[in-house]
Amino acid sequence: MTTMMTLVKTPQEIENMRKSGQILAMVFAHLRKKLKIGISAKELSDIANQEIRALGGEASFLGYQGFPGALCVSLNDEVVHGIPSSQKFIKEGDIVSLDLGVTYQGMITDSAFSMIAGKSSNPRLEQLLLFTEQSLSAGIDTIKDGVAVGDISAAIEGVLSKNKYGIVRDLVGHGVGHQVHEEPNIPNYGHKGGGLHLRAGMTIAIEPMATLGGDDVYVSNDGWTVLTSDQSLSAHFEHTILITPDGAEILTII
Ligand code: MG
Ligand code: MG
């Protein structure tokens, strides 16, 4: 983590972030097709890296603080930062959470989604994914010039707590653009009106992480993978957002 406050980006920087976000979204569309039962996390990460490079970008996470891969692949009770190991294979019914950063002309976007591999045997998983994504949308819907960080946080918390999900509190959304993580933090819980007020031209990553159990997580012995303490299943959705004078522009969609 750095302490750099996220800056109002220049028009050229915003244009480069749009391009970065488009590359990211295209790679995600490709990964959804490639995500089959039996494929390894490393294969997915290698595909992501190749596709990013073919589209003129770079994988922001590769080597970031020593991270060994382009793509975070987190399964089931793994919340985020799963290492894309060649020994980690996708199984039927797994919740697969993919998290990716793309750098284009020095500008970074960050996005994540969860999906169920193959057929799900548990309708509660579908609901968890649905409402975690809905909480991200609720957070985005609050955004406009001058929005308080707490407005975003409270909207996300509202959707997740109403559905009785655990909310991961040790990890948060963040400013993004020149670096993978810029200030301020964007927690997935909070009070309306609280915290800093954000300005048009700032770019932030919003990323609710919800669980079917409690809020607590821990980092595994590999030094990266964050897991739920009670082994409950988890979901993660993230977009990079440009704050505009009257709303938000989602940069990580096609
Ligand atoms: Mg991310
Ligand atoms: Mg992020």
Side-chain angles (χ1 to χ4, degrees), residues 1-3 27-28 31 34-49 52 58-103 108 110-118 120 122 124-125 128-129 132 160 165-174 176 179-182 185-189 205 207-238:
M1 284 276 191
T2 106
T3 53
V27 173
F28 267 176
L31 287 175
K34 292 285 178 185
L35 204 153
K36 297 269 162 58
I37 311 303
I39 196 169
S40 73
K42 179 166 195 311
E43 286 173 273
L44 290 170
S45 180
D46 288 348
I47 291 167
N49 194 29
I52 292 168
E58 295 160 59
S60 317
F61 297 168
L62 185 60
Y64 177 74
Q65 296 181 352
F67 187 76
L71 178 73
C72 299
V73 182
S74 309
L75 305 182
N76 302 316
D77 62 333
E78 299 174 350
V79 182
V80 287
H81 303 168
I83 290 176
S85 152
S86 59
Q87 303 305 311
K88 185 189 280 190
F89 298 98
I90 308 302
K91 299 185 302 298
E92 182 94 43
D94 279 347
I95 297 188
V96 182
S97 297
L98 302 182
D99 192 345
L100 187 62
V102 170
T103 307
I108 297 165
D110 184 7
S111 183
F113 70 95
S114 297
M115 63 179 277
I116 298 170
S120 167
N122 183 349
R124 290 188 72 207
L125 298 192
L128 175 69
L129 267 54
T132 307
L160 297 180
Y165 295 135
I167 302 173
V168 175
R169 291 158 194 265
D170 292 355
L171 295 145
V172 293
H174 49 89
V176 64
Q179 301 182 52
V180 172
H181 291 108
E182 299 174 354
N185 288 340
I186 316 283
N188 296 308
Y189 61 95
E207 50 179 318
M209 289 155 261
T211 84
L212 288 180
D215 302 347
D216 292 345
V217 294
Y218 70 99
V219 180
S220 96
N221 290 336
D222 68 22
W224 282 103
T225 314
V226 175
L227 297 105
T228 57
S229 298
D230 57 8
Q231 297 183 299
S232 60
L233 299 169
S234 65
H236 177 213
F237 286 85
E238 176 178 28

*Answer yes or no: are there more than 12 heavy-atom neighbours, outside K42 itself, under 6.0 Å from its atom NZ?*
no
*Has E92 got more than 12 heavy atoms of other residues, nucleotides or ligands less than 6.0 Å from its CD?*
yes
Can you name the closest pair of heavy atoms from [X] and [Y] and give their distance?
X: L233; Y: L125; answer: CD1-CD2, 3.2 Å
X: F67; Y: P84; answer: CZ-CD, 3.6 Å
X: G214; Y: D230; answer: N-OD2, 2.7 Å
X: T228; Y: S232; answer: OG1-O, 2.7 Å
X: I90; Y: K36; answer: CB-O, 3.9 Å
X: S97; Y: A235; answer: OG-CA, 4.5 Å

Reported [atom1]-to-[atom2] distance for the pair [X] and [Y], which is rounded to 0.5 angstrom:
X: S85; Y: D222; atom1: OG; atom2: CG; value: 9.0 Å
X: I83; Y: S220; atom1: CD1; atom2: OG; value: 7.0 Å
X: L35; Y: E43; atom1: CG; atom2: CD; value: 11.0 Å
X: N49; Y: L71; atom1: CG; atom2: CG; value: 10.0 Å
X: L128; Y: L160; atom1: CG; atom2: CG; value: 8.5 Å
X: L44; Y: D46; atom1: CG; atom2: CG; value: 9.0 Å

Is there side-chain contact between [X] and [Y], with at least one heavy-atom pair below 4.5 Å?
X: V27; Y: V102; answer: no
X: N76; Y: I95; answer: yes
X: V217; Y: T211; answer: no
X: C72; Y: W224; answer: no
X: V168; Y: V80; answer: no
X: F61; Y: D110; answer: yes

Within the side chain of [X], is there an N or O that forms a donor-acceptor pair under 3.5 Å with the backbone of [Y]?
X: K88; Y: V73; answer: yes
X: S45; Y: A41; answer: no
X: D215; Y: I167; answer: yes
X: N188; Y: R169; answer: no

*Do the rings of H181 and Y64 sit parallel, tilted or perpendicular, given the 30° and 60° boundaries?*
tilted
*Please report the C-alpha distance between V96 and L98 in whole Å, then the side-chain angles of each, then the deciding distance to 0.1 Å, and finally whether the side chain to side chain contact (heavy atoms under 4.5 Å, CB included) criterion is met.*
CA-CA 6 Å; V96 182; L98 302 182; 3.7 Å; yes
*asked:* As a quick check of understanding, evaluate side chain to side chain contact (heavy atoms under 4.5 Å, CB included) for E78 and L227, giving each step before the final call.
replied: CA-CA 4 Å; E78 299 174 350; L227 297 105; 3.8 Å; yes
*Just do the side chain to side chain contact (heavy atoms under 4.5 Å, CB included) check on Y218 and V226 with the steps written out, would you?*
CA-CA 6 Å; Y218 70 99; V226 175; over 6 Å; no
Kindly write out the residues that satisfy salt bridge (charged side-chain N to carboxylate O under 4.0 Å, His left out) with [X], not counting sequence neighbours, or none if the list is empty.
X: D99; value: none
X: E238; value: none
X: D94; value: K91

_What verdict does the side chain to side chain contact (heavy atoms under 4.5 Å, CB included) test give for Q65 and V180, after you've listed the backbone C-alpha separation in whole Å, the side-chain angles of each residue and the deciding distance to 0.1 Å?_
CA-CA 11 Å; Q65 296 181 352; V180 172; over 6 Å; no
_Pairing donors with acceptors under 3.5 angstrom, does anything connect the side chains of S86 and S40?_
no
